[in-house]
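For reference, the structure discussed in these notes is given below.
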Amino acid sequence: MSHLRREQPIFSTRAHVFQIDPNTKKNWVPTSKHAVTVSYFFDSTRNVYRIISLDGSKAIINSTITPNMTFTKTSQKFGQWADSRANTVYGLGFSSESHLVKFAEKFAEFKEAARLAKEKSQEKMELTSTPSQESAPGDLQSPLTSESINGTDNDRVTPDTPQHPEARAEPSQNALPFSHSSSSINKHWEAELAALKGNNAKLTAALLESTANVKQWKQQLAAYQEEAERLHKRVTELECVSGQTTGIKSQKTELNRTIEELELALKAKEEELERLKAEVESANEFRSQRDSLIQRLQETEVRNQTLEAQLTDLEQRLESSQLEREAFRKSLRSLLELLDSKIFELNELRDALAKLLEGS
């Protein structure tokens, strides 16, 4: 209890807490899953100001304010400061710009108070020649709880709760299933046809380019073969010359090396030609798939037209049935009216007959 009386929160707010990534020194790493209380504390015994935040029982901020610290606002709702003693950079994300401005003002105020306290402490040290008893920044001097740093209700900020998007409206039960399904099928096949047409155009362009490259490589291959034959003949001629000199031997070695290089180039061109053949086969497969999809699309369109005709016929039959029902109702209503009149006349006739019987 003595520790709590010695160090009490003088300003509190709520924010999301981050620390700089110790490896990259660039990315922010969240140290709290939600907004937590961040408080300024003043230790009257040691005459120091600290920023403390607890996430449950874990202290995620314990930073002693020094005159060298600077709080920087990097956006409308985010600010940061570097703590050289903790060898990290703290970042706070606020729910509004006003909370960020108020926190920054308190930081500047307590930073100036810390500077004045440091100057007084230095003067005191010069007079008394006693070492400073300021504690290390990483140690919590008081067993703080989440209740002790909540501060006053006026300074407390409730975190913004994200609004859930409205639920998507369910489709109407009275909608016509045939027209809806046929239109969606049409759109699906049209999108697939457009994609296949794009792929077909790309493959056609690649095929034309590959064909031109094949022709060029065939010409180069013929030139290489002619050059190889000429070099072989030259080697044979040089070997036939008696009393070969060192220069002729070196020339033969160079010619052999050139032949090997030409053979390697020829092999590479042959592999490239095989790859292009495989691409041409793949293009042919895509064409066959496109033709199949076009045929399926045509069949779907015919089926769609048939369904639309059936739907139109059903609507006409329903309308005629309703008209017949209405005519039948009118006939029944007129018949009931006629029956009522006949019943009334029969009642009058019965009354007359009854009077006649009573009079006789």
Side-chain angles (χ1 to χ4, degrees), residues 7-43 47-119 137-140 142 144-168:
E7 191 172 16
Q8 294 294 331
I10 52 179
F11 173 79
S12 297
T13 185
R14 292 184 69 83
H16 290 270
V17 181
F18 300 84
Q19 284 191 20
I20 202 71
D21 191 342
N23 297 322
T24 62
K25 298 295 184 181
K26 293 181 181 179
N27 301 325
W28 289 106
V29 178
T31 55
S32 64
K33 296 181 180 179
H34 48 78
V36 295
T37 302
V38 182
S39 303
Y40 286 98
F41 281 77
F42 177 65
D43 188 346
N47 201 19
V48 295
Y49 293 87
R50 290 197 294 166
I51 302 174
I52 296 176
S53 178
L54 297 179
D55 188 4
S57 60
K58 177 184 177 183
I60 55 178
I61 299 179
N62 182 20
S63 178
T64 301
I65 301 176
T66 63
N68 297 327
M69 286 184 178
T70 302
F71 184 80
T72 306
K73 293 182 286 185
T74 57
S75 67
Q76 292 183 349
K77 297 181 180 181
F78 194 86
Q80 65 184 49
W81 78 95
D83 189 337
S84 58
R85 297 185 178 184
N87 193 23
T88 188
V89 179
Y90 293 103
L92 296 179
F94 296 88
S95 59
S96 65
E97 186 177 3
S98 60
H99 296 147
L100 172 62
V101 171
K102 193 169 184 180
F103 187 89
E105 291 175 353
K106 292 293 183 181
F107 193 98
E109 176 185 344
F110 298 145
K111 172 185 172 181
E112 180 64 19
R115 186 184 65 80
L116 296 175
K118 184 177 181 180
E119 291 179 357
D139 298 332
L140 280 172
S142 59
L144 298 176
T145 63
S146 58
E147 291 81 2
S148 66
I149 65 171
N150 284 334
T152 61
D153 293 336
N154 295 331
D155 293 329
R156 189 177 305 159
V157 182
T158 58
D160 294 339
T161 57
Q163 297 180 353
H164 295 286
E166 296 180 358
R168 185 179 299 173

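Note: hydrogens, waters and symmetry copies are ignored here, and every other heavy atom, side chains too, is used.
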_Quick check on Glu112: does its CD atom have over 12 non-hydrogen neighbours (other residues, nucleotides or ligands) under 6.0 Å away?_
yes

*asked:* For Lys25, is the NZ atom crowded, meaning more than 12 foreign heavy atoms sit under 6.0 Å from it?
replied: yes

*Residue pair Ile65, Val48: steps toward the side chain to side chain contact (heavy atoms under 4.5 Å, CB included) verdict*: CA-CA 7 Å; Ile65 301 176; Val48 295; over 6 Å; no

*Quick one: do Gln80 and Ile20 satisfy side chain to side chain contact (heavy atoms under 4.5 Å, CB included)? Show the steps, please.*
CA-CA 10 Å; Gln80 65 184 49; Ile20 202 71; over 6 Å; no

_Under a 3.5 Å cutoff, is there a donor and acceptor pairing between the side chains of Thr64 and Arg50?_
no

*Can a donor-acceptor pair be found between the side chains of Thr72 and Thr74 at a distance below 3.5 Å?*
no

What distance do [X] atom [atom1] and [Y] atom [atom2] have between them, rounded to the nearest 0.5 Å?
X	Y	atom1	atom2	value
Ser32	Lys58	OG	NZ	10.0 Å
Asp83	Asn68	CG	CG	11.0 Å
Ser98	Gln76	OG	CD	11.5 Å
Thr13	Leu92	OG1	CG	9.0 Å
Met69	Arg85	CE	CZ	7.0 Å

*Let me see the working for Leu100 and Lys73 under side chain to side chain contact (heavy atoms under 4.5 Å, CB included), right down to the final yes or no.*
CA-CA 8 Å; Leu100 172 62; Lys73 293 182 286 185; 3.9 Å; yes

Under 3.5 Å: donor-acceptor pair, side chain of [X], backbone of [Y]:
X	Y	answer
Arg14	Ala35	yes
Lys118	Thr66	no
Thr31	Gln19	no
Tyr40	Tyr49	no

If you compare all heavy atoms of [X] against all heavy atoms of [Y], which two are closest, and at what distance to 0.1 Å?
X	Y	value
Glu97	Lys77	N-CG, 4.2 Å
Ser63	Trp81	OG-NE1, 3.2 Å
Val89	Ala82	CG2-CB, 4.0 Å
Thr37	Ser12	CG2-CB, 4.1 Å

*With Ile51, the side chain to side chain contact (heavy atoms under 4.5 Å, CB included) member among Tyr90, Phe103, Phe41*: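 Testing Ile51 for a side chain to side chain contact (heavy atoms under 4.5 Å, CB included) against Tyr90, Phe103, Phe41 leaves exactly one candidate, Phe103.
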
*Go through the steps for Phe110 and Phe11 under the test ring-ring contact (aromatic ring centres under 6.0 Å, His included), then give the verdict.*
CA-CA 11 Å; Phe110 298 145; Phe11 173 79; 7.7 Å; no

*Give me the ring orientation class for Trp28 and Phe18: parallel if the planes are under 30° apart, tilted from 30 to 60°, perpendicular past 60°.*
perpendicular

_Audit row: Asn62, Ile52, side chain to side chain contact (heavy atoms under 4.5 Å, CB included) steps and yes/no_ = CA-CA 5 Å; Asn62 182 20; Ile52 296 176; 4.0 Å; yes

